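See structure below.
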2 protein chains.
Amino acid sequence: MSAEHVTTLRRFNRYFTRRIGVLDDHYLGQDRPLGEARLLFEIGTGASLKELRTRLGLDAGYLSRMVRALEGQGLVRVSVHPTDSRLRLAELTEAGRAELAEQNRRADGLAKGLLDGLSEEQRGRLTEAVTVAERLLRLAGVGIRAVDTRSADARACLAGFAAELDERFPEGYATADLVPPEQIAVLLVAYEEERAVGCGALCALDARTAEIRHLWVHPDARGLGLGRRLLTALERAAAGRGHHVVRLDTHEVLKEAAAMYRTSGYVEIPAYDANAHASYWFEKVLVR
Amino acid sequence: MSAEHVTTLRRFNRYFTRRIGVLDDHYLGQDRPLGEARLLFEIGTGASLKELRTRLGLDAGYLSRMVRALEGQGLVRVSVHPTDSRLRLAELTEAGRAELAEQNRRADGLAKGLLDGLSEEQRGRLTEAVTVAERLLRLAGVGIRAVDTRSADARACLAGFAAELDERFPEGYATADLVPPEQIAVLLVAYEEERAVGCGALCALDARTAEIRHLWVHPDARGLGLGRRLLTALERAAAGRGHHVVRLDTHEVLKEAAAMYRTSGYVEIPAYDANAHASYWFEKVLVR
DNA sequence: GCAACCCTTTGACTAAAGTCAAAGAAATAT
DNA sequence: ATATTTCTTTGACTTTAGTCAAAGGGTTGC
C-alpha cells in the first residue's frame with residue numbers, strides 16, 4: 001500500500017476532528033458532561049442498559065450511576081424489561097426528548113454554519129465526497145467469516161433473507177424453503193463491527209460443481225459493494241474445496257442480483273434444478 | 001440550503017469520529033494521558049507555552065503543570081524566550097522525539113489497518129474523496145474581510161506577495177514596487193481560522209474604472225479556489241463603489257493567474273499603463 | 001431443583017481534566 | 001518611575017471519567 005493513502009487519511013483525520021469536532025456532543029450538551037450528553041443521545045427512542053453498555057463501551061457500574069443521574073434530573077425513565085426482568089429499559093421523558101431536540105438543533109445550526117461559506121454547487125460536491133468516503137470506510141470495516149450454520153448470527157441472516165424474499169416474491173417465501181443446514185458446506189457471514197450484515201451459503205452439488213445460495217445483504221449495508229465481496233469470497237471457498245464450477249439461480253424480481261452476477265462473470269445456463277423460486281440460472285467456471 | 005447537506009455532513013461526522021476516533025492520540029499515547037499525548041504532539045518542533053495554550057485551549061495553570069510533568073519524564077526541555085523573558089519555550093528532547101515518532105508509527109499502522117480491507121482502486125477513490133472534502137471544508141472556513149492597509153495582517157500578506165514575485169520574476173520584485181498604501185481604496189484579506197492566507201487590493205483609476213492589484217494566495221492555501229473568491233469579492237467592492245469596469249495586469253510567468261482571469265470573464269486589452277512587471281492587461285465590464 | 005450464568009446495583013477507590021485566584025517576574029504604556 | 005499589563009507558576013479545589021469487586025435478584029441448562 002502506498003504511503004500516500006495513509007498520509008492523506010491521517011491528514012484528513014487531523015483536520016476533520018479539529019475542525020468538525022465542534023459538532024461534537026461536547027459543545028452540544030450545553031452544561032452537561034460529555035458522557036451524559038452522549039448517553040442521552042444513545043438512549044434516543046429507548047434502549048436496554050445492556051445495549052447502551054456495549055454501544056458506548058462503558059463499565060456497568062459507571063453506566064448504572066449515569067442513568068440514575070439522568071433519571072434524577074427528570075430526563076430519563078427506567079423500567080424493567082417485560083419478558084426478562086434482569087434487564088432494565090431506559091427511555092427519554094418529555095423533558096429528555098426536548099433536550100435531545102435542542103441538541104439536534106444546535107448541531108444542525110453548526111453544520112449549516114460550516115456549509116454556508118460554500119456555493120450550492122460546492123455543497124453538492126462536499127456531500128458527494130463525504131458520502132463516497134463513508135461508503136468506502138464502512139466497506140473497509142467489514143470482515144467476512146465462515147460461521148457455524150446453527151449460530152445465532154447465521155440464523156438471523158437466513159431469517160432476514162427469508163423475510164425479505166417473502167415480501168418481494170409474488171408467490172411468497174417460507175422459512176422451509178431455505179436449504180437445510182446440513183446441506184450447507186460453507187456459510188459465510190459479513191460482519192460490520194461485530195454486527196452480522198449479510199451472508200451467503202455454499203452447497204456441494206457434486207465434486208466438480210458447487211452451488212451458491214442465500215446470498216443476502218442487510219438493507220442497512222447495501223450500496224457498499226458487499227454482495228460482490230461475499231460472492232467473491234464464496235467463489236474462493238468453492239475453489240479451495242476443489243470445485244471447478246459454481247452455479248446459482250435467481251428470481252426475476254431480483255434485477256440487481258442478476259445484473260451483479262452477469263458483471264461478475266456468470267453466464268446464463270438452462271435450469272439445473274426445479275427451484276420454484278428461480279427464474280434464471282447462472283454458472284461461472286473457476287478452473288478449466 | 002437543503003437539509004440534505006446538513007444531514008449528510010452530520011451523519012458522516014458521527015460515523016467518522018466513532019470509527020476513526022481510533023486514530024486519535026488516545027490510542028496512540030500508549031499509557032500516556034490524552035492531554036499529555038496531545039501536548040507532546042503539539043510541541044513538535046518547539047513552541048512557546050503561550051502558543052500551546054491558545055492552540056490547545058488550555059488553562060494556564062493546567063498547561064504549566066503538564067509541561068512540568070513531561071519535563072520530569074525527560075521528554076521536554078523548557079527554556080526562556082531569548083528576547084521576551086516572560087515567555088517560556090518548550091521543545092522535545094531526544095526521548096520526546098522518539099516517543100512522538102513511535103506515536104506516528106502507531107497511527108500509520110492503524111490507518112493502514114483501516115485501509116487494508118480495500119482494493120488498491122478503492123483506496124484511491126477514498127483518498128480522492130477525502131481530499132476533495134478537506135479542500136471544500138477548508139474553503140468553507142475562509143472568510144474575506146476588508147482591513148486597514150497598515151495592519152499587521154495586511155503588511156504580512158503584501159510582504160509575502162512581494163517575496164514570491166521576487167523569486168518568480170526573472171527581473172525580481174522589490175517591496176518598493178508595491179502600490180503605496182494611500183493609493184489602495186480597499187484591501188481585502190482572506191482569513192483561514194484567523195490566519196491571513198491571501199489578499200487583494202482595489203485602487204481607483206478614475207470614477208468609472210478601478211484596478212485590482214496584488215492578488216495573492218499563501219502557498220498553504222492554494223488549490224482551494226481562494227484566488228477566484230478574492231477576485232469576485234474585489235469586483236463586488238468595485239461595483240459597490242460605483243465603478244463600471246475593473247482592470248488588472250499580470251506577468252507572463254504567472255500562467256495560472258492569466259488563465260483564472262480569462263475564465264472569470266476578463267478579456268485582454270492593450271497596455272493601460274507602463275508597469276514594468278506586466279506582460280498582459282485585462283479588463284472586465286461590471287456594469288454597462 | 002439447583003448450579004451456573006446474566007444483568008444490574010452499590011461501595012470504595014483512582015486518575016485525569018479542569019477551574020479559580022493569588023502572586024511573582026518581566027515588559028509596556030503613560 | 002510608576003502603573004498597568006502580560007505570562008507563568010503555585011496552591012487548593014471540583015468535576016468527570018473510569019475501574020474493580022462484591023452482592024443480589026433473575027434466567028437458563030441440565
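Naming convention: chains lettered A, B, ... in sequence-line order (proteins, then strands); numbering from 1 in each chain. Values in this document were obtained by computation on a predicted structure and should not be read as measured data.
Within 3.5 Å, no donor on the side chain of A:R65 pairs with an acceptor on the base of D:dG18, nor the reverse.
One finds the NZ atom of A:K50 at 8.0 Å from the CZ atom of A:R53 (value rounded to the nearest 0.5 Å).
The 5' end of DNA chain D is approached more closely, in terms of each residue's nearest nucleotide, by B:S48 than by the other of B:S48 and A:E36.
Among all heavy-atom pairs drawn from A:L126 and B:L137, the shortest one is CD2-CD2, 4.0 Å.
Distance CG (B:L58) to C1' (D:dT8): 14 Å, rounded to an integer number of Å. Computed from coordinates, the A:R32 CZ to D:dA17 P distance equals 12 Å when rounded to whole Å.
Of the candidate nucleotides D:dT8, D:dA17, C:dT10, D:dA17 has the atom lying nearest to any side-chain atom of A:Y62.
Of the charged side-chain nitrogens involved, none lies within less than 4.0 Å of a carboxylate oxygen, so that B:R88 and B:E71 do not count as a salt-bridged pair. A salt bridge links A:R106 to A:E102: one of the charged nitrogens lies within less than 4.0 Å of a carboxylate oxygen. Ionic pairing of B:E192 and B:R195 is not present here: no N-O contact between side-chain nitrogen and carboxylate oxygen is shorter than 4.0 angstrom.
Residues that satisfy the side chain to side chain contact (heavy atoms under 4.5 Å, CB included) test with B:R77, not counting sequence neighbours, are B:E91, B:T93. Applying the side chain to side chain contact (heavy atoms under 4.5 Å, CB included) rule to B:V147 yields the partners B:S151, B:A154, B:L187, B:V189, B:Y191; only residues at least two apart in sequence or on another chain are considered.
Across its full length, the helix from C:dG1-D:dC30 to C:dT30-D:dA1 shows an angle of 30° between the axes of its 5 terminal pairs at either end, rounded to 10 degrees.
For the segment residues 70-82 of chain A, the set of residues with a heavy atom within less than 4.0 Å of an atom of DNA chain C is empty.
Between the side chains of B:R32 and B:Q73, at least one donor-acceptor pair of N or O atoms lies under 3.5 Å.
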Which pairs of donor and acceptor atoms, one on a side chain in residues 54-63 of chain A, lie under 3.5 Å apart (sequence neighbours left out)?
unit_1: A:T54; atom_1: OG1; unit_2: A:E51; atom_2: O; d: 3.0
unit_1: A:R55; atom_1: NE; unit_2: A:E42; atom_2: OE2; d: 2.7
unit_1: A:R55; atom_1: NH1; unit_2: A:E51; atom_2: OE2; d: 3.3
unit_1: A:R55; atom_1: NH2; unit_2: A:E42; atom_2: O; d: 2.8
unit_1: A:D59; atom_1: OD2; unit_2: A:G61; atom_2: N; d: 2.9
unit_1: A:D59; atom_1: OD2; unit_2: A:Y62; atom_2: N; d: 3.1

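For A:E182, the CD atom sits in a packed shell: over 12 heavy atoms of surrounding residues, nucleotides or ligands are nearer than 6.0 Å.
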With sugar-phosphate taken as primed atoms, P, OP1 and OP2 and all else as base, the protein-contact string of nucleotides 21-27 of chain D at under 4.0 Å (heavy atoms; B, S, -) is ----BBS
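Aromatic ring pairs are classed by plane angle as parallel below 30°, tilted from 30° to 60° and perpendicular above 60°; the pair B:F12 and A:F16 is perpendicular.
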